[in-house]
Amino acid sequence: MTTAQIREKYLQFFEGKGHLRLPSYSTVAPDPTTLFTVAGMQPFKDQFMGAPAVFDGVANRRVTTAQKCVRLGDIENVGRTRRHLSLFEMMGNFSFGDYFKRDAIHWAWEFLTGAEWMGMDASKMYVTIYKDDEEAFTYWTQEIGLDASHIHRFDADENFWPANAPLEGPNGPCGPCSEIYYDRGPKYGEDTWGDYFQTRESARFLEVWNLVFPQFDRQEPLADGTPVLRDLPFKNIDTGMGLERVASVVQDVPDFYSNDVFAPIVARVAELSGKPYEGEVSVSHRVVAEHLRSVSMILADGTPFSNTGRGYTLRKIMRRAIRHGYLLGFREPTLFQLVPLVVEGMSSAYPELRDNQAKVEASVKAEEERFLKTLEGGIQRLGGLLSGMERGAVLSGQDAFVLYDTYGFPVDLTLEIAEEYGITVDEAGYAESLENAQEIARAGSKYGKSELFGGNQEALEGLARTEFVGYDELSVQADVVALMGAGERLSHLTAGSEATVVLSRTPFYAEGGGEVGDTGRLEWDGGAGIVRDTRKTPQGVFLHDVLVEEGELREGVSVRGVVSGERRATERHHTATHLLHAALRAVLGEGVAQKGSLVAPDRLRFDFSHGSALTAPEIAAVELLVSRWVSANFPVTWQEMPIADAKAAGATALFGEKYGETVRVVRVGGSVEYAGQPVSSMELCGGAHVRRTGDIGAFVILGDENVAAGVRRVEALAGDAATAWVRERLNAAAKVASLLNTSVDGLEARVSGLQSQLKAAEKDVAAVKRQLAEAQMGGGNGGAAQTRELGGFRVAALKLAGLEGNELRGAADKLLDQSGADMVIVAGEKGLVVKATKDAVTRGAHAGQLIGKLAAAGGGKGGGRPDMAQAGVTDTDAALGALDTAF
Ligand code: ATP
Ligand code: MG
């Protein structure tokens, strides 16, 4: 079965299951989270979030695609290991709130093992599932009939999408996944399924398909770190089957390079170079064949070679291919001749290849010319260096680096050519120089938070955990270990640019445990920058968001990191949070459990379980307890210890929080008394704290509110923030008091006096208005009103000055009563009221319909019941004038 046939069968299979077949999206990523499209689901992120599943006017919540994906994470291994391609086709079936796990599992199984489909051997199938996904386990074992020994359970780092989402995010749709593996048999290695996942080295077990079950909406975790996974209102399915991997299995060839797609390209490489595809040089055959495929596709999708961003990445792939071509002996542009083979193999599914073939060939050829010239320049220079050296000598790492950096001359060529002269190269020295490698920083470019702190996975690779010294020191000397932006490593930052900086050690606290990340400054010889925020990766690498103010910041430079004075205010709020927690438990009972917390320089927020609103005396008691701790000025200490010891000592741990073996315990060294009992504070916590409780200063609770069923939120201030807040309130009260000609103490009496006065005055006004209406109505018989016969009804109309709303309705009642009319219309300054007697209504009168007509004439709107209606108008005379024509 050819690769094209497998692709077609897959799409047909899922069309048969009601899916809409859509074309592949471009290799240019549909959203800025990645440079290239990396998965079949990526173009459908909106649909997974609930956007309507309508494609070119066709609505369908089941979709199937073959998506070309570009993944460069393993690029150095492409051609060496045989599992990863830089360009591969991911076959996918997707459900946007339609079918779910059960169908996804059954269909994947049917497609892989069904005789009329892939016909793969069912006894050689293995799967992985998320450790808590009993639902998937049941389907695999009881419905599919897979033996439990063929199933492995893994944690969220392996079997969750996105990996580790429950603990680390991002927020949004996520869910467990189940991967399907195929055992390729003894010719590919030992049967090591049991410990395969220790090494991932075996070529025997090949992951062919990943079924992802996005069923949760991940929310911000509670402050104690407890993950919050809500059920999505609708559940999705996102699967990815590696087309080339399945082709290798079905065609029973050892790797990609022997399958129907690659074999002709590899054969052509052998033919062009005159070197057969075997032995050591085979890596080069594979690299050239594989890279030409991805380069052709990326170029056809409109990304040209360039020195930045996507185009730069493309150039790196191309140059790796040219370098391996050079090793194969190509000294003239040659690789462009492989483009027609790529086009032939893939253009039935990807017609853009054929449409752009001439352009792609020309681009590849031009890039080959450019880079081969570079290589020639490097070879001449290297030849100059080497011919001046004796056999057995060592070429310095710096020389090799300059060749690479200035001439773009790759080090493996340097090694090879040096060897011909009997000279070795100081590779360690080269690696060191390379660490300071220069890429042009994109000056002035601004990255969003997510780009500064997320999306740097590749750039972060290989970086060690950062040493954090900020509990004790707020200013230290450190080295710049790495600079990165938008996922790329940068060699330096110029003034005005902002990017992520990693230091060898740091005093800056990284956001965590509810406490905000530190801000501050970096200073170095010849420059300075602002640290705007600090976060850390799950691996413990601290990321500083730095804006360079002056000078240039380079990798390797020694800098002084100075934490802003705000940190002290944050520490006050953090220790105050612990005391608040302990005080709440003392006053409200042990049922109080922390549910969330924010610790910032200017405030603290604490969410906890409690069923009812706090009373004023409870708030006062809690506040007083905290203040007593503060005035006792107890020492605050912290210490790392085994978790068992911490628990034995009675430290408060957060429910549901996962702690490591060793924990940090923060203890306030002294207790205060409440209701005859001592109250103390000892918590597991990684945050920054004051040295003594007296450092907290003033403490004030601002209030308490409901945030969720059974969860209350208290906001409070400590230190200067509390003092300033209290002062502001006192000033405001004093100002109001002076407006009311009294003191703050006299305010309550003064205000209630004013309220009674106001009530009395309102009563008087109402009485006066009633009199005003009566006077205008001309005594007891409504004589001031004009009464006419209209449409068979006696209609009385009256305009009253100085009256509105309620008073108009009262006047209308009176008029109806006194005038003997069937209907009355009373107009005020800006309003109309129409009333009709019961008798008139039975004869067909309708106040609501009448007022509609009058209001329209008076520039307003109105309506109501048959017996009573009112309207607001801009011109009451015009409204009344329309009366004659309204019946
Ligand atoms: P692996 O662990 O083998 O690197 P993955 O878990 O990163 O794969 P997924 O993101 O689950 O892969 O992608 C779905 C499927 O796409 C995989 O099951 C595999 O068949 C295929 N696939 C993923 N990456 C590659 C690649 N670089 N080259 C070829 N096929 C791939
Ligand atoms: Mg996978």
Side-chain angles (χ1 to χ4, degrees), residues 3 6-7 10 24 27 29 33-34 36-42 44 64-94 104-105 108 111-112 118 120 125-130 152 154-165 174-184 188 196-214 237-250 253 255-257 259 261-262 286-287 289-291 293-294 297-298 317 346 457-458 461:
T3 302
I6 298 173
R7 186 196 300 117
Y10 183 100
S24 176
T27 51
T33 55
T34 55
F36 295 102
T37 303
V38 296
M41 65 74 64
Q42 210 175 349
F44 304 117
T64 182
T65 59
Q67 174 64 50
K68 44 190 172 177
C69 297
V70 176
R71 289 192 187 178
L72 303 170
D74 307 290
I75 179 113
E76 290 307 320
N77 282 328
V78 168
R80 295 183 202 279
T81 70
R82 322 246 172 132
R83 230 158 26 96
H84 291 107
L85 298 167
S86 63
L87 173 83
F88 68 98
E89 291 180 67
M90 195 188 285
M91 306 304 301
N93 53 289
F94 307 97
I105 287 175
F111 182 74
L112 290 178
M118 294 301 103
M120 285 160 65
M125 295 291 189
Y126 290 77
V127 305
T128 64
I129 58 171
Y130 177 56
H152 255 281
F154 284 99
D155 215 331
D157 53 343
E158 288 284 350
N159 277 74
F160 219 87
W161 179 88
N164 282 322
C174 64
C177 64
S178 183
E179 295 172 327
I180 306 177
Y181 285 75
Y182 189 77
D183 174 6
R184 309 204 62 203
Y188 297 99
Y196 167 61
F197 291 93
Q198 309 294 334
T199 61
R200 291 270 163 137
E201 289 302 326
S202 170
R204 177 164 170 168
F205 299 96
L206 187 63
E207 177 192 333
V208 291
W209 205 337
N210 191 359
L211 313 177
V212 186
F213 316 124
I237 286 296
D238 155 25
T239 87
M241 184 191 92
L243 178 63
E244 293 84 352
R245 290 193 188 175
V246 169
S248 298
V249 172
V250 171
V253 289
D255 58 45
F256 301 130
Y257 303 97
N259 74 21
V261 170
F262 282 102
R286 292 196 288 267
V287 168
E290 201 285 335
H291 286 14
R293 210 172 74 116
S294 48
M297 190 66 89
I298 294 168
I317 310 175
M346 296 187 79
Q457 250 48 325
E458 283 173 31
E461 240 162 65

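Just follow the structure's listing: the first ligand is 1, and inside any ligand the first atom is 1.
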Can you sort out which atoms of ligand 1 are near [X], meaning under 4.0 Å from one of its heavy atoms?
| X | answer |
| --- | --- |
| R71 | 5 (P), 7 (O), 9 (P), 10 (O), 12 (O), 13 (O), 23 (C), 24 (N) |
| W209 | 18 (O) |
| E179 | 6 (O) |
| V208 | 18 (O), 20 (O) |
| M90 | 13 (O), 14 (C), 16 (O) |
| R83 | 1 (P), 3 (O), 28 (N), 29 (C) |

Side chain [X], main chain [Y], donor-acceptor under 3.5 Å:
| X | Y | result |
| --- | --- | --- |
| T3 | A247 | no |
| R245 | E207 | yes |
| D155 | E158 | no |

### Message
Just to be sure I'm reading this right: ignoring hydrogens, which of F88, W161, Y182, Y181 gets closest to atom 29 (C) of ligand 1? Compare them by their nearest heavy atoms.
### Response
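Looking at heavy atoms only, F88 sits closest to atom 29 (C) of ligand 1.
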### Evaluation steps, side chain to side chain contact (heavy atoms under 4.5 Å, CB included), between R293 and L85
CA-CA 10 Å; R293 210 172 74 116; L85 298 167; 4.0 Å; yes
### Query
Do D183 and Y188 have side-chain N/O donor and acceptor atoms under 3.5 Å apart?
no
### Message
Can you tell me which portion of H84 lies within the under-4.0 Å heavy-atom range of ligand 1? Options are side chain, backbone, both, or neither.
### Response
both
If you measure every N or O of [X] against every N or O of ligand 1, does any of those distances drop under 3.5 Å?
| X | answer |
| --- | --- |
| L85 | yes |
| M241 | no |
| E244 | no |

### Task
Using the test side-chain hydrogen bond (donor to acceptor under 3.5 Å, both in side chains), find all partners of S294 that sit at least two apart in sequence or belong to another chain.
S86
### Task
Run through Y181, F205, W209 and flag the one making a ring pair (Phe, Tyr, Trp, His ring centres under 6.0 Å) with Y126.
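Single pass found, and it is F205.
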### Query
Mind checking what makes side chain to side chain contact (heavy atoms under 4.5 Å, CB included) contact with C174, not counting sequence neighbours?
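Only F160, P162, A165, F216, R218, L229 meet the side chain to side chain contact (heavy atoms under 4.5 Å, CB included) criterion with C174.
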